Amino acid sequence: MTEFSSLTRVIRAGIETDPAQGAVVPPLYSSSTYAFKAFGERREFDYTRSGNPTRAILGEALAELEGGAGASVVATGTAAMTLALITLLEPGDLVAYPHDCYGGSWRLFEELRAKGHYRFEAVDFTDTEAARERLRELRPSLVWIETPSNPLLGVTDVRAIGETGHELGAVVVVDNTFLTPLGQRPFELGADVIVHSVTKCLNGHSDVVQGAIVAKTEELAERFDWWSNVLGVTASPADSHLVLRGLRTLHVRFERHQRNAVEVVDAIKDHPAIRTVYFPGLETHPGHELAMRQQLGFGSMFSIDLAGGEAAARRFVEGKRLFSLAESLGGTESLVAHPATMTHVAMPPEIQALAGITPGLLRFSVGIEPAEDLIADLRASLDAALG
Ligand SMILES: *Cc1c(COP(=O)(O)O)cnc(C)c1O
């Protein structure tokens with residue numbers, strides 16, 4: 001028998017598996033609890049915190065997409081990060097994380113550090129040799145990688161950094177939110193664990209918050225499932241039902257997102273209002289060659305630093321019509337964010353400066369609208385930014 005492709009299996013996840021009515025699309029099982037067959041005879045599911053049929057189909061589809069042994073589907077991307085840390089670390093263990101990571105990751109690490117649970121050290125992973133040297137000094141138990149990074153799209157060499165982490169006995173975790181399994185294959189690059197903010201591209205319609213943690217091995221997958229129930233961070237069945245629907249179109253959405261991003265960046269990159277464009281698809285981007293080698297595409301995110309600073313950013317935002325001023329990313333609608341006052345506001349100004357977040361920086365999530373409309377709107381807003 002022919003083995004169907006992984007993509008086909010994801011598009012058809014749970015299709016025609018309903019034992020009761022033969023529903024083509026798997027029904028939403030919202031019940032919190034499940035009757036035992038008889039005294040002492042448990043069915044496959046007993047209580048939705050520990051397991052749920054709808055969430056289980058989604059978990060299998062996510063594991064299939066990443067090529068992992070299993071996936072735990074949890075309430076938010078942040079819950080997935082928390083689950084990873086609590087499951088993998090002992091008190092006092094050291095985590096090496098990227099100096100320019102997502103603001104919420106930084107806040108989580110910082111607050112757990114302040115409580116004395118674990119130790120955290122920020123490392124610039126985009127300079128591979130210096131980062132390997134630093135890791136050998138630090139000897140972390142866990143290496144946390146986020147690539148491309150948020151919001152400057154710095155690219156980390158997952159294979160090289162992961163190898164050094166493994167030499168030191170560390171577990172290697174990759175936050176693969178920005179590129180999705182269709183844009184980057186962390187397990188093939190040596191990662192042990194992948195975390196996702198499912199909220200973003202995987203759901204893709206900005207109507208759910210959810211997270212997932214995918215394990216390379218069966219043993220790790222079981223530990224994550226165990227701890228997600230212990231901590232009570234598992235995702236709701238209704239959200240899982242919506243995400244399953246979103247996931248079936250991920251490949252067509254993501255192709256359009258990526259194509260739009262390349263076209264939009266190409267059309268605006270020389271605009272006089274812009275000082276720097278951050279997009280791994282540009283030859284001038286410091287991570288371009290690595291991205292060409294390591295990624296399957298350039299993703300749907302780019303940032304620009306406006307020459308006129310915060311005043312220009314304000315004029316841009318007041319002039320735009322299509323890009324909604326909002327946090328988050330990966331939805332069908334295009335968004336713009338001002339990291340210094342939005343996504344990265346939790347970072348004090350000096351840490352923002354170290355991460356390269358300037359007052360004139362704007363971050364874009366390119367949606368799937370026709371590219372010519374996005375380009376027209378961006379050009380008009382950039383003209384407005386000039387003042
Ligand atoms: C949004 C995001 C998260 C956090 O996910 P939530 O679903 O908002 O909790 C983590 N990492 C990255 C890269 C993100 O963009």
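Order of appearance sets the numbers: ligands from 1, and atoms from 1 within every ligand. Keep in mind that the numbers below use all heavy atoms, side chains included, and drop hydrogens, waters and symmetry copies. Counting from 1, the numbers follow the sequence of the chain as shown. These numbers come from a predicted model, not from an experiment.
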J.: Hey, which atoms in ligand 1 end up nearer than 4.0 Å to a heavy atom of D175?
T.: 10 (C), 11 (N), 12 (C), 13 (C)
J.: Can you pull out the closest protein heavy atom to atom 5 (O) of ligand 1? Residue, atom name and distance to 0.1 Å, please.
T.: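 Sorting protein heavy atoms by distance from atom 5 (O) of ligand 1 puts S197 OG, 3.0 Å first.
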J.: Considering the heavy atoms of T199, write down every atom of ligand 1 situated less than 4.0 Å from one of them.
T.: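 With T199 as reference, the close atoms of ligand 1 come out as 7 (O).
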J.: Please tell me whether F316 and F364 form a close aromatic pair, meaning their ring centres lie under 6.0 Å apart.
T.: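 Close enough - the centres of the two rings lie under 6.0 Å apart.
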J.: Do E333 and S206 get their side chains close enough for a donor-acceptor pair, meaning under 3.5 Å?
T.: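 Result is yes, a qualifying pair exists.
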J.: Which residue and atom name correspond to the protein heavy atom nearest atom 14 (C) of ligand 1, and how close is it?
T.: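 Answer for atom 14 (C) of ligand 1: K200 NZ, 3.0 Å.
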J.: Starting from atom 9 (O) of ligand 1, which protein heavy atom do you reach first, and at what distance in Å?
T.: T78 OG1, 2.6 Å
J.: State whether F109 and K115 meet the cation-pi test: NZ (Lys) or CZ (Arg) under 6.0 Å from the six-membered ring centroid, and within 45° of the perpendicular axis.
T.: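 So K115 doesn't make the cation-pi contact.
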J.: Would you call the rings of Y34 and F45 parallel, tilted or perpendicular, taking 30° and 60° as the class edges?
T.: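 Correct class here is tilted.
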J.: Should you measure from each heavy atom of G77, which atoms of ligand 1 turn up under 4.0 Å away?
T.: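 Going through ligand 1 atom by atom, the ones under 4.0 Å from G77 are 5 (O), 6 (P), 7 (O), 9 (O).
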J.: For this output row, return yes or no: ring centroids of F298 and H288 closer than 6.0 angstrom.
T.: yes
J.: Check the side chains of S149 and D100 for a donor-acceptor pair under 3.5 angstrom, ignoring hydrogens and angles.
T.: yes
J.: Nearest to atom 4 (C) of ligand 1, what protein heavy atom do you find, and at what distance?
T.: Y102 CE2, 3.5 Å
